[in-house]
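Okay, structure first, notes after.
When a ligand or atom number is given, it counts from 1 through the structure's own listing order.
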Amino acid sequence: MRHLLILPLLVSMVAAEAPPLTLHYDEPAKVWERDALPVGNGRLGAMVFGGVETERIQLNEESMWAGPPVPEIKPGFQDAIKQARKLWFDGREKEAQDLVQKHMADRISPRSYQTLGDLTIRMKPDAKAQDYHRELDLDRAVATTTFSLGGVTHTREVFTSAPDDVLVVRWTADKPGAITASLALSRPADVTLSAPDSTSLSMHGQVTQKGKHPGVHYNCLLRVVAEGGSVKQGPEKTLEVTTADTLILYLAACTDYQLADPSEPLAIDLATHNSETIDKAQAKPYDQLLASHTAAHQSLFRRCSLDLGGWDAAKRPTDERLAAIKKQAKSNDVPPCTDPALFALYFQYGRYMLICSSRPGNLPANLQGIWNDRIEAPWNADYHTNINLQMNYWPAEATNLSDCHEPLFDFLEALVPSGKKTARNAFGARGFTVGHTTDVSLFTTVFGAVQYGMWPHGAGWCSQHFMEHYRFTGDREFLGKRAWPLLRETALFYLDYLVTDPKTGKLVSGPDTSPENRFRIPGQKDVLQLSMGPAMSQEIIWDVFTNTLEAAEVLGLDDPVIAEIRAARANLAAPQIGADGRLMEWANAYEEPEPGHRHISHLFAIHPGRQYNRESAPAMIDAARKSIDFRLSKGGGHTGWSRAWIINFRARFHQPDEAWHNLHALLGKSTTPNLFNTHPPFQIDGNFGGTAGIAEMLLQSHIGNSKDGYLLELLPALPPEWKNGAVTGLRARGGFEVDLKWKDGKIDSFRLRHPQNATARVLATGGTEQSVTADNAWH
Ligand code: FUC
């Protein structure tokens, strides 16, 4: 029932002759992060190298984490916060910060998301490989490697099936008996290898971090089915395949992690579970296994298509095309768009990666989606909630992957019990709060150095996604059963966390940070991070209150908390415009030691927030634009995700050239040949933010509300370079699905679909506003 509104819209909108959506290369991958190609079913992932002599298929399972401890609130923290507020209001800012720092929970992050290991296929060919080609087909979600050896063509297909929950490798050769190879599983730590029978290998163990912090138990099973030839156990837990015609490998993996209670391992026999999973997959003919995988993938992937023309370029290897963009990016001029199809591919790659790393029932996409080849990943490949986790989900609704948003909702709901404890113990507050980062153990504490750690707005920001899901889908059941309870808890926290600024009488947040940024009070030498009422905190709180009130109104609820929220919102301090015309990051005019900082937190109210828009607050939009100009002039936008955020801002400012320039820079400066976004290193938020940014350039619907409806803005920031094109299946708030065609940079025609044939306000850039009924007819 949850997707009542989406299901009727599941029309495959890709033209009969779909353009080739593949990443392809003329040589095997060398470096994991740069070259290998990702496949995934939301839970199981793999990076395919496409090697000839040695094929490495690096494996992931989403819950491979070591265990406790987690950061714990120190005694006296709650009092320190209260005292720090007084000190701050008395002008003793440095003392306030030092006091909080002294009482912060210790940084205990002993864990990282870990690799599951590698599946390695080794062969000793007599000849050198010819006609080498490897590709990732985004539309079928299959990675294929082909090469010929001594006149025999070999083809290896790799996919991870969601319906059958297995990774499958099929290796065929066009002459019988041509496949002779050795297969192995391996893992860098905590592993016992075994060969349960003559055609299987297994690895299992308990995940630790360097021998400490025992976490999940895991099991991974590989079964080999050969047509022709033979398979037998080799030395050192390998399987030796000799002169087979075709080989199919089935790999299943699981752990005993459960989101509902991470401290309580799932009571299942992991080895039996994997064996049964493979039995079922193996019982299906290969073609059927592949067909059901492809169908499941396409039911999501094909909901949205983008055609920017220039598809001929798709014949060239992807790394070569990217290299051309990188060369252009060295110039500071706004570069011409010489390869529009690469940007369409990039858009779809973000959608592909969201489907592969975030299917319903799974954990959310982490900092690297589900792909990680290390025991200690950068930033632990965890769930940072001070932008990264949210950015992962920016494309979910707009690009018609609402279902892929669900893991975020499940995760947030799972955080509530822990977040209530933190609200109570750390702040003496009702409701629910989450600090700047968390992981599968679901801790919510603010911890570590105040610069990154004293930021209790993870839940506040994430709760926005619940309301946005309703806005895009119109799913009232979701709104009532899931969004409202979560928003209410989040709002309760803020009602108690806010304090009155004695100078202004307004309600302010704090002491907390503007994520990871620092300031200096004029005339003082210390560089500080904590303050009362930084702009982002105020904006997130406005957003939470507004969303909660809107949800209550739609649901017609009568709850005493509604009046409390309304009163608090009316008295909430709002961000200000500084003397230089910029939107101020802090409540007062401070010096900025790092004016090109990567976070652009104070513009939350413009995107992803909706507090200010060009109709309701043109002066704030102007000020925000100046803030971005300034940030960029000081070297901002240097990390992948930061650049991606800027694209989204530029789109909201209706600045097509600037949006284009930053999109170009995202590929030109922060993208590797496998089209992974790099912070550096690899961080998937930049991919997702880039995909969302392209959607935002083509369609916006943030002006309006659930009661009065939303304004659908068509092509609000279309780069002049993308003269002709078409997009199908974008989604807009109000529950609309939108197709657009444009010619010579102007809208040519559009059509809207809506399950109740609702009417929308539509504004095509350069035209006048009209009222259009969603009847799936071209206008
Ligand atoms: C935030 C950012 C960093 C990085 C990390 C994972 O804290 O400030 O740049 O993206 O998350």
Side-chain angles (χ1 to χ4, degrees), residues 33 65 71 104 107 109 111-113 350 353 357 363-372 374 376-394 408 411 434-440 443-462 512-519 529-530 534 536-537 540 585 592-604 608 631-632 634-648 665-666 669-672 676-690 692-693:
E33 163 164 353
W65 281 84
M104 284 292 279
R107 181 196 177 111
S109 302
R111 289 175 301 278
S112 167
Y113 173 56
M353 292 204 288
S357 61
L363 285 165
N366 64 37
L367 287 171
Q368 299 186 180
I370 37 169
W371 300 282
N372 164 41
R374 305 189 199 176
E376 287 177 87
W379 288 282
N380 304 327
D382 64 9
Y383 304 101
H384 267 60
T385 56
N386 65 3
I387 176 131
N388 318 85
L389 178 61
Q390 294 89 334
M391 187 179 274
N392 285 359
Y393 288 90
W394 286 356
L408 180 68
F411 189 66
V434 175
H436 83 287
T437 196
T438 184
D439 66 28
V440 295
F443 68 87
T444 49
T445 320
V446 290
F447 71 93
V450 290
Q451 178 164 358
Y452 59 80
M454 189 49 224
W455 191 80
H457 301 295
W461 187 340
C462 288
D512 50 40
T513 62
S514 187
E516 315 210 13
N517 208 350
R518 304 170 296 154
F519 59 88
Q529 293 100 31
L530 289 190
M536 181 188 236
S537 305
I540 289 177
E585 184 155 0
E592 296 160 74
E594 213 181 314
H597 199 272
R598 63 194 181 288
H599 285 264
I600 315 148
S601 311
H602 48 316
L603 306 194
F604 172 92
R631 224 22 163 229
L632 285 179
K634 302 290 178 190
H638 47 278
T639 67
W641 64 259
S642 181
R643 180 72 61 193
W645 201 356
I646 290 166
I647 300 165
N648 286 270
L666 188 71
K669 296 179 179 169
S670 301
T671 300
T672 46
F676 269 10
N677 190 268
T678 163
H679 181 289
F682 168 46
Q683 216 173 85
I684 207 162
D685 41 20
N687 282 100
F688 292 140

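In Asn388, the part holding a heavy atom less than 4.0 Å from any atom of ligand 1 is the side chain. At a heavy-atom cutoff of 4.0 Å, ligand 1 is contacted by no atom of His436, backbone or side chain. When non-hydrogen atoms are compared, ligand 1 lies under 4.0 Å from neither the backbone nor the side chain of Thr437.
His599 is listed as a side-chain neighbour of Glu516, based on a closest heavy-atom distance under 4.5 Å. Counting heavy atoms from C-beta on, the side chains of Asn386 and Thr437 never come closer than 4.5 Å. The side-chain heavy atoms of Ile387 and Pro515, taken from C-beta on, include no pair separated by under 4.5 Å. Looking at heavy atoms from C-beta onward, Met391 lies out of side-chain contact with Pro608 at the 4.5 angstrom threshold.
At distances below 3.5 Å, not a single donor-acceptor pair connects side-chain atoms of Asn372 with backbone N or O atoms of Gln368.
Between Trp641 and ligand 1, a contact under 3.5 Å exists for at least one N or O pair. Of the polar atoms of Glu516, at least one N or O is found under 3.5 Å from an N or O of ligand 1, judged by distance alone.
Interface of Asn386 with ligand 1, defined as ligand atoms under 4.0 Å from a residue heavy atom, comprises 1 (C), 7 (O). For ligand 1, the atoms lying closer than 4.0 Å to a non-hydrogen atom of His384 are 1 (C), 5 (C), 6 (C), 7 (O), 11 (O).
The nearest heavy-atom contact from the protein to atom 8 (O) of ligand 1 is His599 NE2, 2.6 Å. Among protein heavy atoms, atom 4 (C) of ligand 1 sits closest to His679 NE2, 3.5 Å.
A ring-ring contact (aromatic ring centres under 6.0 Å, His included) with Tyr383 is found for one member of Phe411, Tyr113, Tyr393 and no other, namely Phe411.
The aromatic rings of Trp371 and Phe676 sit tilted, their planes meeting at an angle between 30° and 60°. The aromatic rings of Phe447 and Tyr452 sit perpendicular, their planes meeting at an angle over 60°, well past the 30° parallel limit.
Ligand 1 lies nowhere less than 4.0 angstrom from a heavy atom belonging to Tyr452. Proximity of Leu367 to ligand 1 is established by a heavy-atom distance of less than 4.0 Å.
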